[in-house]
Each structure stands twice: as C-alpha cells, then as structure tokens.
Amino acid sequence: MKPASLAALSLITCLACAVPARAGDLEEGIVQYRIENFEEAQALLEKARAAQPGSSVAAFYLGLARKQAGDLSGAIKDLNDAATLTPPVLDAYLELADAYHVQGDEPQALVWVRRSEEAGVKPAQSAFLKGMILAGQGKRDEALAAFADAKRRDARLAQAADLQIAMLLAGSRKFDRARDALRAVVAVDPSSEIASYAKEYEQSFARIVESYRPLRLSVGLNYLYDDNAISSPSDAAARAQIGNPTGQRDHAFLGSFRLDYTPMTSDDFIFNAQYLLQSTKYGDTNTDQENPSTIINSVTLNPGLALGDSVLSLPVNYSHVMLKEEKYQQLYGLRPTWSWQLAPRQIVQVSAGYTRRDMLQAALAPDENRDANQWGAALGHIYSFGNEGGMLAARYEWGFDKTTGSNWENRSHKFSVSTLVPLAERVRLNLSGDVTIQDYLNVNSIFDVRRDDTTWFGSGGVSWNVTENVILSAQYSHTAVRSNIKVYDYDRNTVSTGIEFNF
C-alpha cells in the first residue's frame, strides 16, 4: 500500500482542524511528500512540527516522511503523537502498526492494527497487516482467518493474501493445500511479479515432497580408550576392600544402529519414532565379574501437538540392557514435555517423567535391590545463535528414585550446560558439563552411614560432516564422583573417535 494514499483521508478530515503557525511549511511539506521528495518533505515538516507541536497532521506526515527515510524510531514517535493528539489522525493507527511490524515489535504492532480495525481504517489493509503480524507470532490459524478476511474485503489483495496463506499452510506441512493456494495466485494474473514468485514456491514444494524421506538409517563405528572401565575407586584402600587393587584401563569398540521414522503429518499433529541399538565391547576386561561390555536396545515413540508457538509432546520409551552378555535391566519411561518458543531464537522446555526400572539380575542382598519407580521433572532453556546452527542450552533436573532396596533410595539435583559452536561450514565444536548431587535417604546397611554423592562430568569434542552422509568425530570426557563412602568415589577419563554413516 502507498503511504501517500493513507495521507489523503487525513488531509481532508484533519487539515481543517489544524491551525499551523506556518501553514506554508506544512502544506509545502505535504506536497513534497506526495511527489516523493521525501528529504525535502522531512525538512519542511520538521519546521512545521517545531512551530506547532500540537498539530496531529504535521506529526502524521513527518512520521510518514521519517518512515520512508528508514528512521523507524523517529517515525514511531511522530506517528504515536499523530494517533494520540486531538484530533487524532486515524490513518496513523495503521501506519504505526506497520512501523512496529517492520521494527519487529509484533505485540505493539498487534495493538495498533486492532485499533485500526476498530476505527474502520482501511479494513482490507488492516486485516492483511494483522495476518502478517499474527503469522510472525506463529498464530497460524488466526493469521489464515485474517488473510481470508482481507481477500473478502478487497479482491485486489487476493494475490498477496493467497501467497501468504500458501506460506502458512506449507509451515503446517499442508503442501497440497499450499500448492492450491499458489495456483490461485498464478490464476489471478499469470504475468505478474507475485505470480512468478508463486510458481517458484510451488516448484519448491514439489521438490520437498518428492525428496522427503520419512525413514532414515544411521550406523556408527567408534573406538574408545577408557582409563577406568569398571569405575574402580580412587582410594587404594577402597580398591583393596573390593578386591581390585590396580583399577582397570581398557579399550573398547562401540557400534550403533539407529532407525528414525518421521512421517510427513498434516495439521498440527507431530509424530516420530526411533529404534536404537548400541553395543560396547571391551577388549581386556574379560572376566565374568568385571566385564563392563553392554548391549542396549531402545524404542521410542513420540507423538505431539503443535499449539501456536509451542509444542506438547508425549515421548514413550522402552530400553533393555545386557551387561556381561547377560540380561541386566529394563526400563519403561513416559515424559510429557512442553516446548515454548519464547523468542525467535529462544526455546523454553518443561517436562515431567516417570520411569519403571526392573533389574533382571538378583540383588546381592534385599537392601541392595535397585528395582525402582523413578520420578523426575526438568526445566531447560535453549538459545540458538549465528547462521550456522550454533546453540547454547542450560537445564535443571530433579529426580527421585523410590527403590525396593533401602540402600539406593535417593533424591537428585542435576545442573547442566552444553553448547554447539560452528567452527567452519562443516565443522562443529561440542562442549558440555554437568553436576549431579544425590542425597541417599537411608543409612546404608553395609557401611552404616547415609551416602551422599556429587558427580561432575565434562566433555568436549569435534565433529566434521565430510559429506552429507558421513560424519567423523572425536571426543574426550572426564567423570569425577565424590562420595562419603569411598568405594563409590572414583575418577574416569575416556577418549573416543569414530565415523557415522547416514542413509
């Protein structure tokens, strides 16, 4: 829409109400603005405003001139005056909404576009701008209704509205309806510039649908060096107490197989599923008592629902763990999670969870039985930065293990921070650290003291996407457990390197 067209009504309705001290500056400034001599218009209108600061007409046209010059802050100040002085320039409502929208202040833009609608200012243009603002806030359904209203009120906006409708439908993965909307854009005027954009978007949608792969496979192979494979105590006396005076350095080969299924759903329903197989085979620690080799099978189903600028998901997980090539434990988990986009680059996550853990090997004593009902809750914040996928995340988790054996019942508090830093187009630096404080609730029946543990963990690694389907990685991690019962107090360092293939 042209700002000059918005000025016409103001000139007719408000010029008579203004009694400028220097009518020549105001009138000449309006003339210069309407013939698009914006710099000269701004100079004249600044004189007019200085001469009569109570003139809503002078404030309105100076706001328009500043807006054309790219001075949004100055334009907003003048347009706000034009909208609030007596008598107000009603067209300032819509112009002010547009200025706030361009500046990125969508809440204020929405306030003023609604005032524009209530005042009956340019109903079709007001509805269209409201659709743009609501789309920017992620309110797709309300935005679609606003664009449909704009089309109904003014057929000349049909092409632009249909293009915006198509973008919103594509964001909801409703590609068939989006393509229909784009074809409607082309049908109105096939030779127009907006029709050429629509054709390009339609071709892009077709490529997305054709190339989309709901099923993805990943295979990973890694080598690991572990300087304390069996978490042997740091204290020599404690090692001797459990019959392991030297600890155990070892190396291992890690294999992983992951199958992800993410169908292209429509509307606001979201779903993905994953099967994961992980195997860790140590080389030197081969005795039946000490072999830490594991095989883990895990299945996760994750249905969800998009709710405007947030997502509610309900991941359900089952895991089966083998240790020393024998059945060790199985876990059933449920963790409702709410993810809210606080700002364009910020996400807040809140979750609560329940896990049932069944140990598949007999406990050494009833008090050592680790069968448990595990309860937990978490609060996290994710911030993305840069244009290459940088990320910084912080998280707090609370947990309660209600175990069958009294020795293992505990409450925990975990604080973690992680970041992903792009070093180059295909190279990423991964850093993470966390601390977990575990307070055991009962006096240990073996050591006759209530156990308290603090676990520190840190890791750093680099990954390189050699191609779209091949990733090389290397990582170092350190674990330090500090416990008032020395047999549970240990340090551990691992170094790993590997390759992952994605299909």
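The analysis underlying the following values was restricted to heavy atoms, covering all of them including side chains, and did not include hydrogens, waters or symmetry mates. Just so you know, residue 1 is the first one in the sequence shown, and it goes up from there.
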Between I437 and D452, does the side-chain contact (heavy atoms from CB on, under 4.5 Å) criterion hold? Intermediate values first, please. CA-CA 8 Å; I437 302 169; D452 290 312; over 6 Å; no

Within the 3.5 Å criterion, strictly below it, is a donor on [X] or [Y] matched to an acceptor on the partner's side chain?
X    : Y    : value
S459 : S477 : no
H478 : N493 : yes
N373 : Y354 : yes

Between [Y] and [X], is there a side-chain heavy-atom distance shorter than 4.5 Å?
X    : Y    : answer
L379 : V348 : yes
R370 : N407 : no
Q330 : L360 : yes
S256 : L254 : no
I295 : S279 : yes
Y261 : F271 : yes
L429 : L431 : yes
I347 : L342 : no

Any side-chain to backbone donor/acceptor pair from [X] onto [Y]? Under 3.5 Å, distance only.
X    : Y    : value
S116 : W112 : no
T419 : S432 : no
Q278 : F257 : no
D71  : G74  : yes

Does the ring of [Y] carry [X] above it, NZ/CZ under 6.0 angstrom from centre and within 45° of its axis?
X    : Y    : result
R356 : Y332 : no
R345 : F385 : no
R115 : Y93  : yes

Measuring from [X]:[atom1] to [Y]:[atom2], what's the distance to the nearest 0.5 Å?
X    : Y    : atom1 : atom2 : value
E409 : L441 : CD    : CG    : 5.0 Å
N502 : L217 : CG    : CG    : 8.5 Å
I76  : D81  : CD1   : CG    : 12.0 Å
S463 : I499 : OG    : CD1   : 13.0 Å
K130 : E117 : NZ    : CD    : 3.5 Å
Q438 : S483 : CD    : OG    : 9.5 Å

Ignoring hydrogens, what is the shortest heavy-atom contact between [X] and [Y]? Give both atom names and the distance.
X    : Y    : answer
S56  : A82  : O-CB, 3.5 Å
G389 : L420 : O-CD2, 3.6 Å
V113 : S126 : CG2-O, 3.4 Å
S313 : N302 : CB-OD1, 3.5 Å
E397 : A378 : CG-CB, 3.7 Å
A143 : G131 : CB-O, 3.5 Å

What do you reckon, is CH2 of W464 surrounded by more than 12 foreign heavy atoms closer than 6.0 Å? no

Just wondering, are more than 12 heavy atoms of other shown residues or ligands nearer than 6.0 Å to CZ in R156? no

Could you walk me through whether D371 and R357 pass the salt bridge (Lys or Arg N to Asp or Glu O under 4.0 Å) test, one step at a time? CA-CA 6 Å; D371 289 349; R357 180 176 66 205; over 6 Å; no

Worked verdict on N317 versus S298 for side-chain hydrogen bond (donor to acceptor under 3.5 Å, both in side chains): CA-CA 7 Å; N317 174 266; S298 178; 3.0 Å; yes

Going by the angle between their ring planes, with limits at 30° and 60°, are F501 and F503 parallel, tilted or perpendicular?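 It falls in the parallel class, under 30°.
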
For salt bridge (Lys or Arg N to Asp or Glu O under 4.0 Å), just list the numbers for D434 and R395, CA-CA rounded to whole Å, side-chain angles, deciding distance to a tenth of an Å, and then say yes or no. CA-CA 9 Å; D434 60 65; R395 183 179 178 88; over 6 Å; no

So, are [X] and [Y] salt-bridged, with charged N and O less than 4.0 Å apart?
X    : Y    : answer
K151 : D149 : no
D453 : R482 : no
D154 : K122 : no

Could you check R66 against D78 for side-chain contact (heavy atoms from CB on, under 4.5 Å), going step by step and ending with a plain yes or no? CA-CA 9 Å; R66 291 191 195 280; D78 288 316; 2.6 Å; yes

Where do Q349 and S339 land on the side-chain hydrogen bond (donor to acceptor under 3.5 Å, both in side chains) test, with the steps shown first? CA-CA 4 Å; Q349 283 190 329; S339 303; 3.1 Å; yes

May I ask you to check whether F400 and W375 place their ring centres under 6.0 Å from each other?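 Judged by ring-centre distance (under 6.0 Å), W375 and F400 do not meet the cut-off.
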
Check the pair V102 / D98 against side-chain contact (heavy atoms from CB on, under 4.5 Å), numbers first and verdict last. CA-CA 6 Å; V102 173; D98 183 59; 4.2 Å; yes

Pair R335-S351, side-chain hydrogen bond (donor to acceptor under 3.5 Å, both in side chains): steps then yes or no: CA-CA 6 Å; R335 195 173 190 88; S351 65; 3.2 Å; yes

Using the rule given for side-chain contact (heavy atoms from CB on, under 4.5 Å), can you reason through V435 versus T454, listing the C-alpha separation, both sets of side-chain angles and the distance that settles it, and then say yes or no? CA-CA 7 Å; V435 57; T454 300; 3.8 Å; yes

Begin with the C-alpha distance, continue with both residues' side-chain angles, and end with the deciding distance and a verdict on side-chain hydrogen bond (donor to acceptor under 3.5 Å, both in side chains) for R492 and T479. CA-CA 5 Å; R492 183 181 186 186; T479 304; over 6 Å; no

